[in-house]
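Below is one structure, written out as structure tokens; the observations come after it.
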Amino acid sequence: MPNIESLSFFLPELFLTASMVVIILVDVFMGPANRNRVVRQLSLAALAVTAYLLWVQTDPGEAIFFGALAVDPYSRFFKWLFLIATAVIFFVTPYTSQLLKTARHEYYLFLLAVMFGLFLMASAQDLIIIYLSIEIVSIGSFVLAGFLKGDRHSNESSLKYVIYGAFSSGVMLYGLSLLFGLAGSTNLFDVQRALASITGPGDLILVAALLMILVGFGYKISMAPFHFWTPDVYQGAPTTITAYLSVAPKAAGFALALRVLGIAFGDNLQFPADQWFPVGNLAIGTVIALFSGLTMTVGNILAIQQNSVKRMLAYSSVAHAGYMLMAATILNTQALGAVMFYLAVYLCMNLGAFLVVILVHNKFGYDDIDDWRGLGFKLPLVAVPMGVFLFSLTGLPPTAGFVGKVYLFSVLISSQQFWWLAVLGVLNSVVSLYYYLRIMKVMFLEGEPTGETVSDHPAMTGMILALMVPVLLFGVYWSPLMGWVRASLKIFTPGG
Amino acid sequence: MDASILTILVFLPVLGAAAMLFVPRGQDELFRWIAAGFTGVQLLFACWVLWAFDRGSSQFQFEVVAAWIPSFNVNYHMGIDGLSMPMVFLTALLSFISIVASWKITKAPRGYFALFLLLDAGMMGVFVSLDFFLFYMFWEVMLLPMYFLIGIWGGPQRQYAAIKFFLYTLFGSVLMLLAMLALYFYSDPHTFNLITLISQAHKIDVMLWGIEMKWLIWFALFIGFAIKVPIFPFHTWLPLAHVEAPTAVSVILAGVLLKMGTYGLLRISYPLLPDQTIVFAVALAVLGVINIIWGAANAIAQVDLKRMVAYSSVSHMGIVLLGMAAVVSVREGGTMAGAQLGMNGAVLQMFNHGIITAALFLLVGVIYDRAHHRYIVYPSDYKDKALRGKLGFGGLAVGLPIFSGFVALVFFAGLGLPALSGFISEAMCFLGGFSTFRTLTIIGTFGILLNAVYFLRAYQRMFMGSPNERWSGLSDMSPREIGMLAPLVIIIIFLGVYPSPALNVISLTMNNLIELVNAASSLAGM
């Protein structure tokens, strides 16, 4: 679809861009007194309008901007996830004591910019746009991770993030350029056609291109061994940003990775193609399976030793990337659906867990696990939801995390491939129980009910409870969520 | 009523737990009454089900089927037969009695009673589910309250005991999850329905890693169930969890939770994979005998009364396994009657052991509440001179006549004295075992002797001999304590002299299961 016509299908993103410009201008002319409040309100309003535009958006039936972006139900599913995550973070930011000392007006602006990048990531199907969208997200995230300007950990976190980010996106760009060199086009579908016609077995360049692209995606979703930035960045960044990074860019990374790999390296132009394209002697599924097994094992084993709850959750998020990759080894609708379902559930439970970390930090200034002692008796309204989130992360019923894991394992078992990975996956769940239980233990098993209670923050507690509802609800009745996922499984393909 | 009774049985306690959220702070008294009320009503419903249960039918009764998640073919499917009926009644009875036994809990009573009710719901759900997915959900849901009940209200080593219990059982159940999914995806059309799967599962014909898939599924299920039973060598979580748990939780652990392992084997492994069951039966018998002897030998070595009772559970569950192994009696040169004795005996022993061990743990709780220790050594036997004459009991029969009477009766039931319920079911299991695995059973029967050793010795050390001055001031059992033990004792005596009401419930289902296992097998001609 030509550019001008495409604009009408690009309204949410256009509006986001326009509102960012407006917010910058307002910010400049505003006195320092009301800045934070006004900018936050404007940003929330921008989110609301974006949500409305996304809601009324119609399906163009073809890729917009000459095939660069796909406005399909698949991308819309992820855009809703990004909107929800951003809205939650906007909501809790003024209640985060870490951020009270700094001016927050720019913070909202950067979050909007990151969300714009995420929107592009969900839709991109052109090599250039893919790279651009990842960079938009990354650069915004670098700044946000270092937002606590006086805090050395935050500075370190930002710097590490920049270095790792620059390196891995450089490698990825090189891989993308190899792909372009082979195919002569930046469009993913052209790449697929070209690959199908030119390659024979043992094509080393293609193998190199694939692995380099995997490095880029691996960095974004914190896949081992490209996860080394994760714990430091998660620990140093403001906790709101940690929460955001752990769900939104990760979801976008998966969305983009599945689209790119599925289209360019699929056996045919249908999506999903049900069969990986044979890249030389390399079975793509096996490569991903190895990464998946490594990622979940590394994440879980390192999480055991952590004493900082934020760091522990960082490693746990690495492990969860491993679980989701498990399904990505198979290229079919079931696998795609399982990953999407899990990402939606993961959004709720991980955001919830991090909000509890924020609240505890606000109240007690703690991050060390031993300082959570007796929280179950002091703040039951927060500790009980935390328990629900942790059990959901472990994958125990009746929580949505259990259902999500069942779907992930189902992918492997129904395809009758990678049994070893399924066994490794369930054993990893048992390992993960150990460190999640450590948090439960200090909250509930240690300390005595003294009758002493701490006043909780109503708005934060309300948001935490609100996130607990879907975790429990989809644990016993997940048809609505699965229905939405199934309806969103339509990925744009040129044929129809 | 018929179709909704099982739903009511399962979710009534959940309702009770929800009701507790609305009780204002400081009304601690109310929590007990709510818990007692809801479990009491549940028990009444369970009695009604037992009364209305058609003993002449081998079909599932009170069945309810409703679509739950159609896209995954998960159904809300419940029903009971002669295998689940005794377990349902046992669960309801022991839950109610445990609440009464928990009357003195003062630490965070809201949490305690709410978790207890959730535990009750989970257990009940396991025994009535006929959909594997539903079964699995209940199976896992039960772990959470159990973890907290041991971990918060338990003894000095409670944290370690709780996490060990949780990790062990989760390890077993995740393997079961894979087996469940494999069964689902290999059946055509995909189903979790445990009845449909009977005709589907044995058709699986796939190899994995050079092993037949059916065997992998069997072992994955077996490990999950074996950890719960617990079968040697997966039993190490049990003594710890039992000793650290508060009395009422020990009652539930030993009385109901252990039965889930054998129940799962009989409900899922036996009918779904009969070929593997038949081949594995001899191993099951061996494991059963090891359990009997190992459990009893360990029990003899204990100086902590509660640990002794915990190990006696290991021993008694071994008898259940031996009875279950007799399903292959005909094949091993025995008779159909032998198989029937063994299988019926196994289920009856599950029920009887539930009642007896519950009574044992309650009695341990009674003495612990008074003396705050459970050592069963002669006061003069302490090597440590400082403790000599201070710890340990002796001559308690003088001061606590009612208590010593109860203990005597329950100990005798535990060691299998005729005219008490334990004798009947143990004898049936051994007879069934003898018709099938002669040498093994002969070895196993030595377990009875060993059981007598530790029970009698414990009795002697606690109640006979010269009284220890230190414990002369203990009060005898209160009316509440007598009230919670009386129903158990009545059942022990009643089923000891007249077991047929219980056997009538069980037998048709078990006889069918024996035929199913032997007939459906492709090894039938061998």
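Values reported hereafter were calculated over all heavy atoms of this structure, with side chains retained and with hydrogens, waters and symmetry mates removed. Proteins get letters first, then strands, A, B, ... in listed order; numbering begins at 1 in each.
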Non-neighbouring partners of A:R438 that pass side chain to side chain donor-acceptor pair (under 3.5 Å), sequence neighbours left out: A:N307

Side chain to side chain donor-acceptor pair (under 3.5 Å) contacts touching residues 472-486 of chain A (sequence neighbours left out): A:Y407-A:W478

B:V174 and its side chain to side chain contact (heavy atoms under 4.5 Å, CB included) partner, picked from A:V423, A:L433, A:V430: A:V430

Among B:F148, B:Y184, B:Y147, B:F72, residue most engaged with chain A (heavy-atom pairs, under 4.5 Å): B:Y147

Heavy atoms of other groups near A:Y434 OH, more than 12 under 6.0 Å: no

Nearest non-hydrogen partners of B:L175 and A:V426, listed with the distance: CD2-CG2, 4.4 Å

Non-hydrogen atoms of B:W68 and A:V476 that approach each other most closely: NE1-O, 2.6 Å

Top contributor to chain B interface from A:F391, A:W420, A:F409 [non-hydrogen pairs under 4.5 Å]: A:F391

Heavy-atom contacts under 4.5 Å, residues 137-146 of chain B to chain A: B:M137, B:E140, B:V141, B:L144

Distance (rounded to the nearest 0.5 Å) between A:M440 CE and B:Q159 CD: 12.5 Å

B:Y136-A:F402 aromatic ring centre distance below 6.0 Å: yes

Which portion of B:L177 sits near chain A, non-hydrogen atoms under 4.5 angstrom: side chain

Contacting moiety of B:M213, where chain A heavy atoms sit under 4.5 Å: side chain

Structural part of A:V406 lying under 4.5 Å from a heavy atom of chain B: both

Greater than 12 external heavy atoms within 6.0 Å of B:Y76's OH: yes

CG on A:L445 to CD1 on B:I163, rounded to 0.5 Å: 9.0 Å

Chain B-proximal positions within residues 410-419 of chain A [heavy-atom distance under 4.5 Å]: A:S410, A:I413, A:S414, A:Q416, A:W419

